[in-house]
Amino acid sequence: MQTTWQAILGWYDRHGRHDLPWRNTDDIYHIYLSEIMLQQTQVSRVREHFYPLFLEHFPTIGALAQATEEEVLSRWSGLGYYNRARNLHACARLAGDGLPTGYKELLGLPGIGDYTARAICAFGHNQPISVIDTNIARVLKRYFALPESTPKALLEHADKLLNTSRPRDHNLALMDIGSMVCLPKNPLCSLCPLSQSCMGIDAPETYTENKKSGYESRELYYGVMMSKGRIALVRTTGSMYKGMLTLPPLEQTDREPIASFRHSYTKYHLTVNLYEIDTLSGDDEVIWADGREMDDYPLSTLTKKALRLIYTPKGNHELQ
DNA sequence: GTCCAGGCAC
DNA sequence: GTGCCTGGAC
């Protein structure tokens, strides 16, 4: 095992992604923020845009707790999965002096599940605990030849491999090996520090599964109501885009839309249709927004696309 | 156009 | 198991 650990850490020291900003800080808030942003989101988007901008606005967990939910959602705008931002804000308000440091206490906080609780313990506090994201899961399945493994079995194997003297670097190393070497397709086994003792090296494709796709088409209908260059937006209350501002939703209609565009999420391919309206139904709070100042509002990418279309001069109104 | 990557809450 | 989101690779 000593040899394996040395190979893993030796590889990490030479090839690991040491330039990631959240790996060069011991500020738990920064590390926690990075883990929330990185959930379901690619490193490059977080690193170049959202992480530095968010920290500029909310440099400490106390500053985040002081902010309104709307301000937080505005800085999250475009990143998707907006419940992450709402839970982050809720945690900041619960945290007081700072986040708890134990796995169990972290797990009890909103938006912190098994992965994130372990990541904060290992990456933030160098606690001896195994972290398993999808990349590490793939490495473990191949290394221990476990094509059909439960999360519990995977964790037991991760614990067997865990280097308790450098748990932070060990887990980061496995993560980098997963995303840089032990790729889902055509893994680079010849470059892998685990190749000497990897039990799945002869059939790496056995340990990855293809997701089923299959999508559904849907139509969405929104109203456009302008006044003095401003546009009416309402606050969403349903699960989708909760807390964000959107154009006022309409019932299905056969009228000819003034504009349409496509957008997709998860398995849905949406056609979004926009209609001019002169009254608003319901008693929702209305926000009269300047559609050219999109940075100031909590808007989804879908709503931003719609506003761009509406505020773009004529001649540029093709789909997408 | 289609597929893919990526954790949590219910 | 399903909903939540986006952008980039092909």
Side-chain angles (χ1 to χ4, degrees), chain A residues 17 20 22 31-51 54 73-91 103 106-123 130-139 150-151 154-155 171 174-176 178-180 182-187 205 208-218 220 236-246 261-272 294 298-306 308 318-320:
Chain A
R17 294 177 289 182
L20 298 174
W22 46 86
I31 293 167
Y32 161 54
L33 173 67
S34 75
E35 288 302 336
I36 300 299
M37 285 192 165
L38 290 165
Q39 288 169 9
Q40 312 298 97
T41 308
Q42 276 150 2
V43 170
S44 59
R45 301 187 64 219
V46 171
R47 171 195 198 162
E48 275 142 42
H49 184 66
F50 291 94
Y51 177 81
F54 196 94
L73 286 172
S74 296
R75 294 311 130 205
W76 207 269
S77 168
L79 194 55
Y81 293 114
Y82 299 97
N83 271 338
R84 293 183 297 174
R86 292 158 19 81
N87 287 332
L88 183 75
H89 187 224
C91 280
Y103 166 78
L106 287 164
L107 201 51
L109 292 171
I112 299 186
D114 184 63
Y115 165 78
T116 306
R118 289 171 176 276
I120 294 170
C121 289
F123 304 150
S130 296
V131 178
I132 304 183
D133 70 343
T134 54
N135 288 305
I136 295 182
R138 186 173 56 255
V139 173
T150 62
L154 218 50
L155 184 58
N171 281 301
L174 290 183
M175 204 169 265
D176 285 356
S179 61
M180 300 165 69
C182 194
L183 305 172
K185 287 179 183 168
N186 306 315
E205 311 292 350
T208 57
E209 44 196 82
N210 303 334
K211 279 183 202 159
K212 290 169 191 167
S213 57
Y215 63 84
E216 280 180 41
S217 296
R218 280 192 185 176
L220 292 180
T236 310
T237 52
S239 58
M240 182 82 164
Y241 297 138
K242 186 171 183 184
M244 311 287 285
L245 302 183
T246 65
F261 63 96
R262 297 185 208 290
H263 185 73
S264 52
Y265 72 90
T266 320
K267 61 175 182 173
Y268 299 106
H269 285 202
L270 307 175
T271 302
V272 183
M294 295 194 286
L299 305 174
S300 65
T301 297
L302 188 158
T303 304
K304 283 185 181 175
K305 279 189 190 175
R308 227 172 269 133
E318 325 84 41
L319 288 180
Q320 182 84 309

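Labels below follow one simple rule: chain letters A, B, ... track the order of the sequence lines, proteins then strands, and each chain is numbered from 1.
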(request) Could you state the atom-to-atom distance from CG of A/Leu38 to C1' of B/dA5 in whole Å? (result) 12 Å
(message) Looking at A/Thr134, I'd like to know whether one of its side-chain N or O atoms comes within less than 4.0 Å of OP1 or OP2 on B/dG6.
(response) yes
(request) Send over the distance from A/Lys242 NZ to B/dA9 P, rounded to a whole Å. (result) 14 Å
(request) Taking ring pair (Phe, Tyr, Trp, His ring centres under 6.0 Å) as the test, write out the residues that go with A/Tyr51, two or more places apart. (result) A/Trp22
(message) Tell me which one of A/Leu33, A/Ile36, A/Leu38 satisfies side-chain contact (heavy atoms from CB on, under 4.5 Å) with A/Val46.
(response) A/Leu38
(message) Can you see if the side chain of A/Asn83 gets near the phosphate of B/dC8 - specifically, an N or O under 4.0 Å from OP1 or OP2?
(response) no
(request) Starting from P on B/dC8, measure out to CD1 on A/Ile132 and report it in whole angstrom. (result) 12 Å
(request) For B/dC8, take OP1 and OP2 only and decide whether either is under 4.0 Å from a side-chain N or O of A/Thr116. (result) yes
(request) Applying ring pair (Phe, Tyr, Trp, His ring centres under 6.0 Å), name anything that partners A/His49, two or more places apart in sequence or on another chain. (result) none
(message) Regarding A/Ile112, tell me which of base, sugar-phosphate or nothing describes its non-hydrogen contacts under 4.0 Å with the strands shown.
(response) sugar-phosphate
(request) Could you work out which one of B/dG7, C/dC4, B/dA5 sits closest to the side chain of A/Pro184? (result) B/dA5
(request) On DNA chain B, check which nucleotide each of A/Asn87 and A/Thr41 is closest to and give me the residue with the more 5' one. (result) A/Thr41
(request) Go through the structure and list residues passing ring pair (Phe, Tyr, Trp, His ring centres under 6.0 Å) with A/Phe54, not counting sequence neighbours. (result) A/Phe58, A/Trp76
Under 3.5 Å, which N/O atoms of the protein pair with N/O atoms of nucleotides 6-10 of chain C?
residue, atom, partner, partner atom, Å
C/dT6, OP1, A/Tyr82, OH, 3.0
C/dT6, OP1, A/Thr301, N, 2.7
C/dT6, OP1, A/Thr301, OG1, 3.3
C/dT6, OP2, A/Tyr241, OH, 2.7
C/dT6, OP2, A/His263, NE2, 2.9
C/dT6, O3', A/Gly78, O, 3.4

(request) Round to a whole Å and report the spacing from CG of A/Asp133 to P of B/dG6. (result) 7 Å
(request) May I have the distance from A/Leu183 (atom CG) to B/dC4 (atom C1'), rounded to whole angstrom? (result) 14 Å
(request) Check whether any side-chain nitrogen or oxygen of A/Ser239 sits under 4.0 Å from OP1 or OP2 of C/dC4, and answer yes or no. (result) yes
(message) Checking A/Asp176 now: which residues fulfil side-chain hydrogen bond (donor to acceptor under 3.5 Å, both in side chains) with it, not counting sequence neighbours?
(response) A/Arg17, A/Arg23
(message) In whole Å, I'd like the distance from the CZ atom of A/Arg262 to the C1' atom of B/dG1.
(response) 10 Å
(message) Please report the distance, rounded to the nearest Å, between CG in A/Leu270 and P in C/dG3.
(response) 13 Å
(message) Could you report the tightest heavy-atom contact between A/Phe123 and A/Ile31, atom names first, then the distance?
(response) O-CD1, 3.8 Å
(request) Round to the nearest Å and state the distance from A/His269 atom NE2 to B/dC4 atom P. (result) 12 Å
(request) Please identify each residue that fulfils salt bridge (charged side-chain N to carboxylate O under 4.0 Å, His left out) with A/Arg75, with sequence neighbours left out. (result) none
